[in-house]
Structure formats: structure tokens, C-alpha cells
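Step one of this worksheet: look at the structure below.
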Number of protein chains: 2
Amino acid sequence: MKVRVGVNGFGTIGKRIASAITLFPEFSLEGIVKRTPDYAAFQAASKGFKIYAPTNDDAAKLEEAGVKVAGTIEDLLNRVDVIVDATPGGTGAKYKPLYEKHGVRAVYQGGEKPDVARVSFSSLCNYREAFDAESVRVVSCNTTGLLRIICTLQEHFGVRKVRATIVRRAADPKEVKRGPVNAIVLNPPKLPSHHARDVNTVLPWLDIWTSALVVPTTLMHVHSLYIVLETAPSREKIVKALREAPRIMLVQSGTTGIKSTAELVEAAREVRHRYDIPELVVFEDSIHTDKGELVLTQAVHQESIVVPENIDALKAMFRLEEDPGKAIRDTDNRLGLTKTLW
Amino acid sequence: MKVRVGVNGFGTIGKRIASAITLFPEFSLEGIVKRTPDYAAFQAASKGFKIYAPTNDDAAKLEEAGVKVAGTIEDLLNRVDVIVDATPGGTGAKYKPLYEKHGVRAVYQGGEKPDVARVSFSSLCNYREAFDAESVRVVSCNTTGLLRIICTLQEHFGVRKVRATIVRRAADPKEVKRGPVNAIVLNPPKLPSHHARDVNTVLPWLDIWTSALVVPTTLMHVHSLYIVLETAPSREKIVKALREAPRIMLVQSGTTGIKSTAELVEAAREVRHRYDIPELVVFEDSIHTDKGELVLTQAVHQESIVVPENIDALKAMFRLEEDPGKAIRDTDNRLGLTKTLW
């Protein structure tokens, strides 16, 4: 019996999750919910995805534009075991009563408040906590990036304290109405930023402060991390642990010429669909350690990094795989995560 | 007897220092050295500055373009007690033998290696170390910004450790050949960045790591700082110390709407020549402290922040004022540094 999945929302995240679900034999993608008749709707139809509309009005507009509609979201909810909510931040909470009315489980994204779901989720940290959950919230792209490195280091060396500055991309590549164009924006001005609290939804015990700045670029976020470990491993040991960790890609700058998000994305364009980089990219040359303290720089592809975690969340909720390591390895293999871009 | 000063280089920094010198009765600006016949040369002439050329060839080209030339740099060196070298990074070291041949003291900029001068200088930290020095190096804009906050905090609370991420503007506003346009660049990829070593040229005892990223903006640098103090003052005490410190401007975001470099510069355009902000701007809302640890965000106007320190360096080298506090207050008053932009 396949787990029947619907995806509500077909934006940056939703369209990636929908495509990803089709790669896993344990899931069947029953359909996606799309409001606006636009190029993304045409592409969804062209891929053979069944398209549902939020309302009958939306359905009429889609049909008018030539997009075949299979029904409304309520029709989709009657056909699925679980819905992945990939609607804009805060919208998932509004849909929650509808999902519950239909007795459908839900995976929410990090744009929702933590109380939308029973558990905030990040595969490398708390896979098992999602077992049998009616609802799970996959934390945001930046929080996912932070948690991947933190939980990997925690497993090997223990983590006592994290101080992180998040340099955020201003807009996704497709967005034409966002800025800044020429500024560095404190977002938020008041510190610590909410990213620290979001990490604490998964790791409540962690001493973490975060600061966030928005800058005029679209490609990726970059994190500057200062971490105090519980032990004092050598640089070699840290590099080895990260190299062998799932879902992390170490990139050397000196030997590859990749020392920016632009060069990283240029390399990904050659080998990746949509140039997605769902791996957390840690710049190997940046890793420096002394007396149990560690500094490093990492890059987060905001459009795709949470896709593997969404797949894992589905696996955990339905206990399709109880071993986190096996679940993660399988997800990574099917999604094509690798250790280099060549 | 006035101290006779020349300025070699009339770029972003040189033109500001030349203008600044004319505001101080203890100095006479004997002339500036300019190579290229361009709008900046016409403006220098229009201000009544005597223009010297690096070589006779350059002089001929300037004259050809209609710029009156008073002689070559050697003629200027024969007329001054001290030269402020504001040539491009690394060029000052090449001029050094010429300055020495003419028995002229020199102030270098932070683009030179520390060994170019006897002392690396930042007014709030080590004013007295420049007394009677033949040569002084005023540290770079980012290092000046770091040292202003560190030495202010050191004076009041003691500073044990600094972890700083520097988000650098890609180019100055006038530059048309630099990037990045759409990327975050690790500059350098290897950590800690040289900024930490540069801070250590002034404060050798300090435990400091820095990380630096270049982003597509021209207005200002922004620093994200995590500082461990020797004591555990309240937030109110820290805010008070910074509010009363010279050369630092505290800016509230919530009450003023200034939460980015763009809004800061927009406010400065209303009240400042060239919209210069030689103050270090600390975003007050960002100041957060717990158990002697402090996080804050600050902005550095790369074009003008080192101007007051250059003036102070001249004062210290010639012992025109032996009290650092008095020297700094006088510099700030004459240059028009303030505590708000209204």
C-alpha cells in the first residue's frame, strides 16, 4: 500500500517536493493544489500532475486559461493520507482545520509557527520524534542548514555553544518585487534573531544566538558560524566527520576555485536539474579550530535544501523506515545528493 | 608654526583627508599628488589645492588637460614636514624610500602591510604610541570599526574575546569595474580572515577571530559581532557607555526606521557633505547581552571612517596634543561628527 500524498502549493518549495515524491515507490502523488494559471501550472499539467484548485472560482479561472482541473482541494483531501503544505508562510495554519476535518495528516514548512504541528523536524537531529505524528513542521531552509551542521558535530564531538550570522539572499531567482537592490538590511534589527529560537524548537538544550542580514543576491544564503564544542578534536577529525556525514558537501576553495555562491551555482548548473543543491555546502578551507572552538562558512540553497527533510518527514510519520540512517541514505540516493559536483 | 602636510593620492580617502586637513589651524595643506587628469583633478584645482604630479610625464598630461601643476611629488616633498600616503594598497611601501630620502614623515593607510610603519594606529586604542613616530599606519576601515567598539568596551568592561563576521560592500559608489553583482563571496575563503591579524597589530593581546564575506552593495560594510567581556554589565550600562563614547553613533531602528545601510545613508544625505558618516554606527536595537557576552550589529562607512584617525595620527606624531581625549574631541568637533543625523 502506497502512502497517498497531496501537495498544497506549487511555488518554489511545493513544486520541488511534488517532483521528489514521484521518485519514491512508497508514495503516490495524488495531486497538487495550485491557485494561479501561470507557467508553473502549465508545467505541472505537462508533467502529468493532477491539479486541484483552492476554490471553485480558482478552478474556473484555471480551466479558462486551459489548465485541466481535477477538483478542489477538498476533493484532493478526500483522496490522500497526508498533505504536504507548501503554501506561503502563515497560510498553512489557516488550512490546518480543513486538513483535520478531512482526517488527513500534514507536513508544514518552516514559515509556519512551531505550534502548527506536534513536532518541528530535522532529519539528522530528531527523525524518530516524527513517528506516528499527525502533523510535522519541517524547519526553514536556514534552520535546516544550521541543524545539519550542529547535529553532525553534536554526534561526533558534542556542541556547547553556537554563534551564527546568517547572510540571507534578498529574493529567490524568480522574484521580481523584492529587495534590497543596494543595501545590507538588518532582518531583524533586534537580536538574537528568530533563527536561534527555531533551532531551539528541535534542540531545546542548545545555547545558540543568531544574527541575520539580508543582502542583494538571489542565489544562496551564507552562514558564518562560531561553534564551541564539548571536546577539542583536530581539524582533520572535523573535516573527516563532515566529509562522511550525510547531506553535507565539503567544497574546497583553493583547489576548485569555488569561493562564492556564484561559482558554486555555476558548477551545479552543469550537473543538476534546476541547479538545485539540497546538500548543505561547507567550505572546507574555512574550517579552522583551536582549543575546541570552531569557525566555518557554509552555504544554503534556500530553494531546495528542505526537500530531503520533507521526504524523510513523510517516511517517519508513517514509519516506512524506522532507522534514521537508512531513511536518510535512501532519500539522498533517490534525490541524487552527492559529495561533489563533478 | 604650522605642520606642513602633503597628501599623495586623491582617490576616495585622499580627497577626504585633504579637505579635512584644511579645517585644522595647526596644519597647512601644501598640496596633493594626483596622477590622472579627470573630474577629481578639476575639483582639486577648483578648491584651490596645489596639484603635484608623480612624474614629469604625468605633469605634462595634466597640463594638457588644463590642470595647472605645481611640480612633481619631489617638489612637494621638499616643502612638507609630513606626507599622508593615500595611494592604492601596497603602493605606499613603494613610495616609502622616496619619503625617507626627503626626510619627510609619513602616514600610511591600512592597505599597506603593517611593517610599512613603526606603529599601526587607532585613536581610541593607542594614540600615545604615535608620539614622535617617523611613520604611522592608520588601520583599514573595517579594522578601525572593530577597534573603535573593542577599545570602547575594553575601557569600560574589559574584552576577553571577539568573534566578528564582516559583511563587506563589493565596491565604492564610484567604482564601475568591481563585483560581485549577484553572489556572496568568501573573501578570503580561509579563516580567520586577515582582519583579526590587523586588529592584533594594535591590540596584540586580544583573542579575536574574523570572517569576511563580500556582498553586492556599495554603501557601507556591516559587522556582526559576538564579544565576551571580562565583566557582566547590564544592557543599559553597555548602551550608556557606547552612547557617551566618542566617534560612535548609536542608532535605534524601532523608533527611527533605520534598519539598513540604505536608510542610514538616506538620512546622512540630508545633513552631510558627500553623505559621509565617519562615526561608527552601532544599531542600538541589536545590542543584546547575557552573562558577560554581547552581540551587536554595526555599520562602517568605508569611504570616511578613517579620516578622523588620520587627523589624530598627525596630531600625535607631532605631539600637537598629548591628551588623546582632547585630541579626539577637537578632531570630531572640527570634522562635524555628531551623535544623531538630525
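Protein chains get the first letters and strands the later ones, always in sequence-line order, with residue 1 at the start of each.
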Scored by heavy-atom pairs under 4.5 Å with chain A, the best of G254(B), A299(B), S193(B), P192(B) is P192(B)

Can you list the residues of residues 258-270 of chain B that sit under 4.5 Å from chain A, counting heavy atoms only?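 Residues in range: K259(B), S260(B), T261(B), A262(B).
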
Name the region of [X], side chain, backbone, both or neither, that has any atom closer than 4.5 Å to a heavy atom of chain B.
| X | value |
| --- | --- |
| A164(A) | backbone |
| Q252(A) | neither |
| L213(A) | side chain |
| V215(A) | side chain |

Side-chain contact, heavy-atom cut-off 4.5 Å: S224(B) with S211(A)? yes

Please report the closest heavy-atom contact between [X] and [Y], naming both atoms and the distance.
| X | Y | answer |
| --- | --- | --- |
| H288(A) | L191(B) | CB-O, 3.5 Å |
| L186(B) | F283(A) | CD2-CG, 3.4 Å |
| W209(B) | E293(A) | CH2-O, 3.5 Å |

For atom NZ of K161(A), decide whether the heavy atoms of other residues, nucleotides or ligands shown that lie under 6.0 angstrom number more than 12.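 Yes - once you tally the heavy atoms of other residues, nucleotides and ligands closer than 6.0 Å, there are more than 12.
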
For K339(A), look at atom NZ and say whether over 12 heavy atoms of other residues, nucleotides or ligands are found less than 6.0 Å away.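 Correct, the count exceeds 12.
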
[X] portion near chain A, given a 4.5 angstrom heavy-atom threshold:
| X | answer |
| --- | --- |
| T218(B) | both |
| D290(B) | both |
| V214(B) | neither |

Is the Y226(A) ring parallel, tilted or perpendicular to the Y226(B) ring (thresholds 30°, 60°)?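 Plane angle between 30° and 60°, so tilted.
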
Against chain B, work out which of I184(A), D285(A), V181(A) has the most heavy-atom pairs shorter than 4.5 Å and name it. I184(A)

To the nearest 0.5 Å, what is the distance between CG (N182(B)) and OG1 (T217(A))?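 Here the rounded value is 3.5 Å.
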
Can K190(A) and E284(B) be counted as an ion pair, charged N to O under 4.0 angstrom?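 No, no charged N to carboxylate O under 4.0 Å.
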
